[in-house]
Each structure stands twice: as C-alpha cells, then as structure tokens.
Amino acid sequence: MGRINGIHLGARIQKPPSIPPKFPSQLWGRPDSPLVPPKPADEFGGRPERKQKPPYYVLTMFSYPSGDKLHMGHWYCYAPTDSYARFKRMQGYEVFEPMGFDSFGLPAENYAIKTGVHPAISTANNIGFMREQLKKIGAMYDWDYEVVTSSPDYYKWTQWWFLLMYKRGLAYQKDALVNWCPNCQTVLANEQVGADNLCERCDTPVERRKMRQWFFRISDYNQRLLDGLETIDWPEKTKAMQRYWIGKSEGTEISFKIQNSKFQIPSSDSEAPLSPPISADENGGRPETPPNPPADARGNQVNVFTTRADTLFGVTYVVLAPEHPLVKEIATEEQMGAVEEYVSKALSLSEVDRQMEDRPKTGVFTGAHCVHPLTGDSVPVWVADYVIGSYGTGAVMAVPAHDARDFAFAKTYRLPIKEVIKPSEAPLSPPISADEHVGRPEQAFTEKGVMFDSGEFSGLSSEEGIRAVGRKLESIGKGKPTVTWHLRDWTVSRQRYWGAPIPMVHCDNCGIVPVPEEQLPVLLPQDVKEYKPKGKSPLASVESFIQTTCPTCGQAAERDPDTMDTFVCSSWYYLRYPDARLDSAPFDREHLKELFPVHQYVGGPEHAMGHLIYSRFFGKVAKDEGWFPYEEPFSRLIHQGIILNKGERMSKSKGNTVAPEPVLERVGSDVLRCYLMFSGDYTQGGDWSEGGISGIERFIARVWRLGMAIAEAPLSPPISADANGGRSEEAVPREVERRLHQTIHAVGHDLQAFAFNTQLARLMELTNVIYAWVGSDLKGVTKSAAKIETVETLIKLIAPSAPHLAEELWHQFGHQTTVFDAAWPDFDAEKIKADTVTIAVQINGKLRDTFEALSGTDKTALERMALDLDKVRTMLEGKDLAKVIVVPGKIVNLVMKG
RNA sequence: GCCGGGAUGGUGAAAUGGUAGACACAGGGGACUUAAAAUCCCCAGGGAAUAAAAUCCCGUGCCGGUUCGAGUCCGGCUCCCGGCACCA
C-alpha cells in the first residue's frame, strides 16, 4: 500500500501557500504529478483480502499502438471510464481495470515496408510512448496486468485458441475470394482497396482471386449469438445491428428440375435431395454449414431460397449466381461462350465494384430451362451477378412483378412480368394472362397482399400462402421450410507477416496436422528481409520458419505460412487480463468465475459488428469448453461518443488529430478529464473545442480554495449552546444539508448511468452552496466539525472526476490513506426532502403564478391556497371553474369553463 | 432504400407528461485594486410595455393529434449524423 498512501504524497507536494492560495493547477494531474494512481488493493493472484469485496471488472477497449499516439478521442474513452471505475471502487468493489495493446496488424507492417523498420521495433516504440501517455490520464490501470497481443507469451495462447477451435471442429479450410493486387503481388484487406477499386499503394486495379483460407465456423453459433442479445445490457442500436448482421431469415427452399441439361440424369426417381451435403474432406468430418454452398453440381435441379413462397406462381425465370457450379453444367452449347465470358468477368470484379451502388443489372441466358414445380411450365435459367453466391443456395427464383431487383433485371432483358399478388384492400379482379403483363407494371409490388392467378392458392393472403405453398411443395418433395443466415463463417487467414502464425503443419503423408500444444508458441521469425509478399504470405519465403517436421510422422513438412486476423487476438484479451502473467494456461478458471462476465465494457460504436460479435463467439466457445461459466462475456456495454475535429473524425491520414499534451500541460489531467465529461452526453460525443474549459479550471480551483481554506482555518470559537438550539457545535444549515444529500444522491445516480455532465453540474451547485454558507470570499473562515464533514463529503464526491485534486485535499484534511479507500457517502432520503416547495399555478394550462407551500400539503389545501392568490382571484372573477387538477408538490391547474 | 440517433438561447447543453433553458462558456453590470489580472457578487431566450417595475405575448426543426397540461406521448413530414446495403 506504500505506493498509494498519502505519506508518500504529502512528502512530495509542497505545502500550498495559505489563503489566498495561488492556484496551483499544474499540480493536478500535471504529467509529473507525484500522485501515483491507486491500484486495485489486491492482486488477483489469490490474496485473501480479495474475497472480502465483490469484484468489479471495468474494461475499456485496448488500443492499437500506431504512430498516431493517443488523441483526444482516446482520452474521451479512457478518462471518464476511469472515473466510473473509481466510483465503483469507493462503493466498496474490488475494481479490476486493466490496459493493454492490440499490437499486431497491418499499419506496423506497412510502415516496415515503407521504412524497413521491423514491426517489432516500431510497435515496441509506440507502446512505450503510449503507455506513458496513458499514465498521464491518471487512471487506475494496473500495469502488472498489461497485455500485448504481439508478444509471444500472448500469441502463444492465441494459437492455443486456434487449436481449440480446430479440435472442436470450428476451424476449417476452404477456398475463398480475396482482393488481389497484381502489381504488389499481394492480398489486400478491404480497407486497402479504394472506392475506385484501386490498390491504395500502387493504384493498380484490384482483382479477385481464389485462395485456400482458414475459417472459423461462427455460423454454428448464429442462434446463440442471436438469443444472447436478449440477455445483455447493451445499447439497443448495437444489438439491432448485430441482429441484422446475423440476419436470420425463415423461408422455403424450392427445387426446380433442369429440363435440358447436357448432363441430365434420366430417371425420375434419382432426384437429388435438397441441399445435399458436400464432401466432408478436411472439414473435420462435418458438412458445410450455412450459408449453403451452391447446390449439388451433379444434380439435375436448381434449389432456390425464398421468403415469399406465395409469389411462386409469378416466377418467370430462375437466376444462378456466377459462382454457382451448375452454371457450366447446364449452359447450352450456343450459350456457353457468352456464359463463360460473363462468369469470368463477374468473378474478377472486386467486392467493391460488385457492390457499387445502383450498378446496372447484368446477366446472360444459359440456354437451359427448368420446370416450375407446381405449374410444370418451362422457365428459363439465367446467370447474373445480382445473385449472391454465398447466401442461401446461390440461386433465386425471379418474380419480377414482386421483387424490385428481379423487376429491374426483367425490364433490362425484356423478360415476362407476371403479377400474382395484389394489395389486400384491392378487389380481386379477374385473372389476366401473363402475356398481357409484359412491360406493363411500372414497378414491382413488393408488399404482402392477396394471391391471385395462383391456381388453388388464389385468394389466400401472403402469410397463409407462404405456409400453404410450402406444405404443398413439401408433400411432393419439391421444397421444405429452411432458415438461412446472413452471418458467414469468419475468414481468419491473412497473407501477412505481422500477426500470430497459424499453428498448423502441412504434411505430405498426414495432411493437415495441428502443432501440439506443448510446442507452442510457433514463433514469428524475426529475421524477415522482405515483408512485401510475392504472391504468398511473407512467411512462405522464410525457409527456417516454413521447413519443419510433421508432429505425427516425423517426416519433413511445411508450416502454414499465414497469420491470423488481428480480430482473433482481440476476441479473448479480456479473458487474459486477470492472468496476464500466467504461463501454464491462457487463464485460470477460478479467476474467470470470480470476475466475469465483465461488469462494464466501454468502447467505440465502430466495433459493433466485428470485435463485439467475434468476442461473443469466443465467449461461447470458452463456455462450451468449460473454461468460462457464462454465455455472454460483457454484461453491460456503453459506447462513448466520438470526438470530432471541425465536424470530421480524427485520424492520422487526415492529419486532424488533436493531441492532449498541450492542453494537459496547461490545465492538468483533472481539468481535462472533467472538461471532457462536462461537454455533454457521453454517448453523443461532439466537436472538440477548448471553449468553456476555463469554466472547469475555475471550478476545480474553487474546490481547491474552499478545501484549503477549511483545512487551514482556525477552529471556530465555541458557540453558546443557548443561541444554537442547545448545541455547542456549529450545525450544518438545513438548506446546505439538504443540498448535500441531494447531491450525494444525484452524483451517485449519474455516475452509475455514465451521466458525467450532470453529476459535475450538481457538484458545481453544491460547491456554490457551500461557498455561500462559509462566506464566498473565504475571508475569516473558521473550521468546525460541520464544515469539515461537509467539505470532506464534497471531496469524496468529486474524487472520481478529479482524482488528483481530491487526493491532495484529502491528505490536507489529515487523512493518511487514499481517498479511494474512503467509503462513498450515503444519503439520507429524509434530509433530501425540502421543507417547502414552490407550487406552480396554471390557469387553463398556462403558468400564471407560483406560491410556496409546506411540502406534504394535501390536495385540498393546495387548491384552496391557489384559489386564494390575488392574481388568481382577479383572473377567475366572474368565471366558472370547470375542473381543478392538483399534483402535490408540483402544480395546481385551474380549468375554467368556456 | 433499410436500421439507429439527433434537431432546445450567441455557444456547450439540462429537463420521471407538471414553472423550458439547470450547470457552464462567451457577453453586460458592479465590488475589490493606483491599475490590470485573478477573485467575488448581480443580470441575461425573444418581443411588447415601463422611469424602473408590475404585466402581457411568442418561443424546444415543420404540420396535425391525444391530454387539464406536450421538448417529452401518437401520426405525417424536413434536414443532419452514424451504420448497413442486390441477403431474395
């Protein structure tokens, strides 16, 4: 405890001059402030005291150690959250507030490519710098638990996680399309591809290429990821985004038999089942999970997924995605050339191009036809890239009359449009033949309605129709209810150097072999000459790394040359913190049981999709493994708002980051953190400006002067008991006492709610009230038990927000231990109640007068008092009262007739 | 297009359906000072009225509605910010 107690502190601080004190603002949180932030009182390594307090885990998203350094945006996340942590500590919790660095990733590697500086070196430099910056915040971070994801003692366990995923059948390899720059000979991340589809480094058009990649089967968890959202206290917005992203969609899978395929399987009883499982090769012996792969390439049918089976009679063609394996099977000879050309062009399009807004719909007729499962009509099969190959079955039934995309496509290629749904309020008109509809509707009617022209189903509502058509299809073996998900499996391979190597070995004899756990970590080689990949991961050309022996057969084998997505590293760091120095396991189960789920998580809303979904996935896997006893890792989440600079997000590339240092040097961290907190709703953020910071400086100085004045004042002379209601001690005036308790109540409530701005406003009010009591010029102030108690309470209340100030004052009042070990003050609900209240008098809802009444005055009395007011009498003169509404303690509303 | 969030004084912003603008900034006035800074006190939404008051009217993006009473609830818009987007 020596490093946090006040003896140490008092010895270093020069005693401030007596009244009027010179305002020593520099002391409070100035970078060389002598205040060592208090650490959690107990280590998590099993000290007995730990058990005496309930644990409380306050976590902020760790940061990426770039040359950017910390800017105001980081401060805005970290400083107020630390205030929350200090508040919880004073409430008697054993607060755990760790900090670390998410230090693998592209920027360090790009920097290395540009300058030749090894990522390990630039990263270490940046971490060193940022750690010092973080210390200046004056947060309670316990650096003994620091986590650095690029350090071998951390990524060893990231690799361990990979093996765990593999063991549980959750890691598998398959081909996937990646962004490829033919000039740099490298794979690009989506964010490295510009809006114009050019490589961000060399401006070469980016292509797409198929590569063998590792995936995590997050889709196995889609239902649990969806259900878990109901149980956590997260911003609704974030939960909504995740729900949408997971994208559960219930519908019907329908099969259309191919009519004239070259490879038609003749017999009618040999129809392939719906969505036949693909070969389960290296896939852990398990079939692919949704999103479904394109339907069976050997089959003689196209399976489509639809949520609108009620529109089945409006199908006028069927569309396959370009990557659908049936495309080349069924294309007729006449069409084959056009089809192949179209497919190769479509597949080489980058993700960016393909997703370009308002891109005109293109496609090619395959020459093949299929059979409508209910009408038996012949339906042409097209291939078009507006169908997403990786969603559903990779094929759709096109209903141009009732789907905007199909409609646009049908218009372009003059395909028939057949209406089968009309608004429910419209009368059922006699059916019109399909031909009459060609080119006729102006737009697709995509709402639900009533079916018509749909055989036995005509007249049913869409909802009924969806079920009825589904049942019918199922009964004839042409369809079944299906659920599809938007959430796709997570590609974790990166053809990059600066990441955790994938702990897998490729052996000619044994195939893919996981590196045995005891051989971890697979160290990232340091002696890399060329970070720039030449068609492969940079590690592929590091012989000493690649060449190894097979753990199973002992023959020569090769390591996997890829590294892991950095989101893997950050998906479990919160589990590592409590045991950051443990080297026999990634974490100690007992600690996880005690400390989890994380009580409060704080971070930017930009992570709603990636990090926050991946982390939930990891949490669920840890639970299934028995390591982690909870379904959700973060029980409460708050997103801080974003601090803008002249309306723009701060970023290094824009060169518009605001460095905290100049402000910090000038005003100290207490003022800066309070200023950030005072500026408005924490979740709202806003434009950075220094206007108004002087108000906080004044406030902090006012509290300081008040505290010092009382601490150094002479004792009050004894008061004659007769003149003081029988007490010889000075008492706190009733009104001051009331405001004090009100403030205790409000500040506690607001801090719990992250309403930092209003709790500071309440503290300012209280400070003003105390000034008025003790004498606003602080001249001739005397000390009394009442004043000491009041000011000490103020010090405690302000401590979370201005820790340096509070700690110094606390010691000035003679305390030897940290103010953060002082108990958070209790309020007395009785003392909060005002003796009298102002009652507003309204006439016909308009405010006309107010009066004072004893609080607790009943309705009848209040009404009588209101009616008795001169002004009210004049206004009511000669009029009839129709109604009187009385809300005790608030208003009396007199409603007149006419 | 879809899903969120927002719009309140000169500025940042407060406000469980009950006195809109708390708390601050900038501004004005005063005290202290030889003076300035710092500090302390007071004023301050807009308008009309007045010597000054009293007093009255108008005000929370726009249009309606519910209610004794709406910044707050409901319906319909406009604009701004964030996210997602050919997901059948």
Side-chain angles (χ1 to χ4, degrees), chain A residues 20 22-23 235-241 243-245 247-249 251 291 304-308 311 319 321 354-359 361 384-388 390-393 395-399 402-406 408-409 446 484-488 605-606 608-609 639 641-642 644 647 649 675 678-681 683-687 689-696 698-699 701-702 705 755 757-765 767-768 771-772 775-779 838-850 871 882-887 889-896:
Chain A
K22 177 138 173 52
F23 173 46
E236 273 311 315
K237 171 191 171 164
T238 304
K239 294 205 271 187
M241 280 164 74
R243 254 179 230 119
Y244 182 80
W245 192 250
K248 184 176 188 174
S249 180
V304 302
F305 172 76
T306 182
T307 54
R308 292 295 301 274
T311 63
V319 200
R354 201 166 155 177
Q355 289 177 1
M356 203 171 63
E357 220 173 321
D358 294 333
R359 203 165 65 86
K361 298 217 171 358
D385 67 2
Y386 80 88
V387 174
I388 308 288
S390 53
Y391 180 75
T393 59
V396 301
M397 60 180 214
V399 187
H402 304 296
D403 181 279
R405 297 153 300 188
D406 298 339
F409 191 79
T446 59
T484 63
W485 303 80
H486 183 171
L487 187 68
R488 292 166 209 191
E606 66 274 16
M609 251 17 144
H639 294 307
I642 295 167
L644 307 170
R649 244 188 140 102
Y675 177 61
F678 189 62
S679 66
D681 184 340
T683 63
Q684 216 55 47
D687 227 359
S689 98
E690 289 186 31
I693 203 164
S694 57
I696 301 295
R698 272 178 219 153
F699 167 60
R702 240 165 108 75
R705 283 194 304 269
N757 52 339
T758 47
Q759 61 98 20
L760 279 170
R762 299 292 89 82
L763 287 170
M764 290 173 180
E765 285 172 338
T767 304
N768 293 343
Y771 261 80
S776 48
D777 54 5
L778 298 179
K779 277 181 187 151
T838 310
I839 304 292
V841 182
Q842 296 180 341
I843 293 175
N844 288 335
K846 282 197 169 190
L847 180 72
R848 293 300 175 186
D849 206 355
T850 59
K871 195 166 166 189
K883 197 172 178 182
V884 179
I885 285 106
V886 182
V887 182
K890 300 273 187 190
I891 60 142
V892 176
N893 190 5
L894 306 166
V895 186
M896 289 181 298

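Values below: all heavy atoms of this structure, side chains included; hydrogens, waters and symmetry mates excluded. The structure displayed is predicted, hence computed values, not measured ones. Lettering follows sequence order; numbering is per chain, from 1.
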Considering every strand and a 4.0 Å limit on heavy-atom distances, what is the contact class for [X]: base, sugar-phosphate, or nothing?
X        : value
A:Asp687 : nothing
A:Gln684 : sugar-phosphate
A:Lys846 : sugar-phosphate
A:Val895 : sugar-phosphate

Please name the pair of heavy atoms, one in [X] and one in [Y], separated by the smallest distance, quoted to 0.1 Å.
X        : Y        : value
A:Ala840 : A:Thr850 : CA-CG2, 4.1 Å
A:Met609 : A:Met241 : CE-O, 3.7 Å
A:Arg705 : A:Tyr771 : CB-OH, 3.8 Å
A:Val304 : A:Val396 : CG1-C, 3.5 Å

Considering only the [atom1] atoms, how many Å lie between [N] and [M], rounded to the nearest integer?
N     : M     : atom1 : result
B:A22 : B:G4  : C1'   : 29 Å
B:U72 : B:C63 : P     : 13 Å
B:G12 : B:A31 : P     : 33 Å
B:G46 : B:G10 : C1'   : 12 Å
B:A48 : B:G59 : C1'   : 14 Å
B:U8  : B:C80 : C1'   : 15 Å
B:A88 : B:G83 : C1'   : 22 Å
B:C68 : B:G17 : C1'   : 12 Å

Closest to the [X] side chain: [options]?
X        : options             : value
A:Tyr771 : B:C40, B:G18, B:A88 : B:C40
A:Met241 : B:C41, B:A88, B:G83 : B:G83
A:Arg649 : B:G12, B:G83, B:G69 : B:G83
A:Asp403 : B:C57, B:A88, B:U55 : B:A88

Calculate the interatomic distance between [X] atom [atom1] and [N] atom [atom2]; express it in whole Å.
X        : N     : atom1 : atom2 : value
A:His486 : B:A85 : NE2   : P     : 6 Å
A:Tyr244 : B:G1  : OH    : P     : 15 Å
A:Ile891 : B:U16 : CD1   : P     : 16 Å
A:Asp777 : B:C41 : CG    : P     : 9 Å
A:Arg243 : B:C3  : CZ    : C1'   : 11 Å
A:Lys890 : B:U16 : NZ    : C1'   : 8 Å
A:Leu644 : B:G82 : CG    : P     : 8 Å
A:Asp385 : B:A88 : CG    : C1'   : 15 Å

Look at the side-chain N and O atoms of [X] and state whether any lies under 4.0 Å from the OP1 or OP2 oxygen of [N].
X        : N     : answer
A:Ser249 : B:A88 : yes
A:Tyr391 : B:A88 : yes
A:Arg848 : B:U55 : no
A:Lys871 : B:C56 : yes
A:Lys237 : B:G5  : no

[X] side chain to [Y] main-chain N or O, any donor-acceptor pair under 3.5 Å?
X        : Y        : answer
A:Ser776 : A:Ala772 : no
A:Asp687 : A:Gly647 : yes
A:Arg702 : A:Met764 : no
A:Asp403 : A:Ala398 : no

Notebook entry, point to check: Once the angle between the rings of A:Phe409 and A:Tyr386 is folded into 0 to 90°, is it parallel (under 30°), tilted (30 to 60°) or perpendicular (over 60°)?
Noted result: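 Rings of A:Phe409 and A:Tyr386: tilted, as their planes differ by 30° to 60°.
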
Next item on the list: Please work out which of the three classes, parallel, tilted or perpendicular, describes the rings of A:Trp245 and A:His486, given edges at 30° and 60°.
Entry: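 The arrangement is tilted - the two ring planes meet at 30° to 60°.
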
Check: Nearest nucleotide by nearest heavy atom, which residue falls closer to the 5' end of RNA chain B, A:Gly680 or A:Lys361?
Finding: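 The 5'-side residue here is A:Gly680.
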
Note to self: Closest-nucleotide mapping onto RNA chain B: is A:Ala772 or A:Met609 further toward the 5' terminus? I mean the 5' end.
What the structure shows: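 Its nearest nucleotide being more 5', the pick is A:Ala772.
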
Margin query: Please report the interatomic distance OH(A:Tyr244) to CG(A:Leu487), rounded to the nearest 0.5 Å.
Written below: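 The OH atom of A:Tyr244 sits 13.5 Å away from the CG atom of A:Leu487.
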
Next item on the list: Mark up nucleotides 20-31 of chain B, 5' to 3', with B wherever a protein heavy atom is under 4.0 angstrom from a base atom, S wherever such an atom reaches only the sugar-phosphate, and - elsewhere.
Entry: --BBSSS-----

Check: Is a donor-acceptor contact shorter than 3.5 angstrom present between the side chain of A:Asn893 and the base of B:C68?
Finding: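 Indeed, a donor on one side and an acceptor on the other fall under 3.5 Å apart.
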
Checklist line | Strand RNA chain B as a dot-bracket string - pairs counted if Watson-Crick or G-U with both distances under 3.5 Å, | where the partner lies in another strand | finding: (((((((..(((.....[....))).(((((.......))))).((((......))))..(((((..]....))))))))))))....

Checklist line | Flag side-chain contact, heavy atom, 4.5 Å: A:Arg308 against A:Val399 | finding: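 Not in contact.
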
Checklist line | Anti or syn - B:G59, cut at 90° from 0 | finding: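 You should classify B:G59 as anti.
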
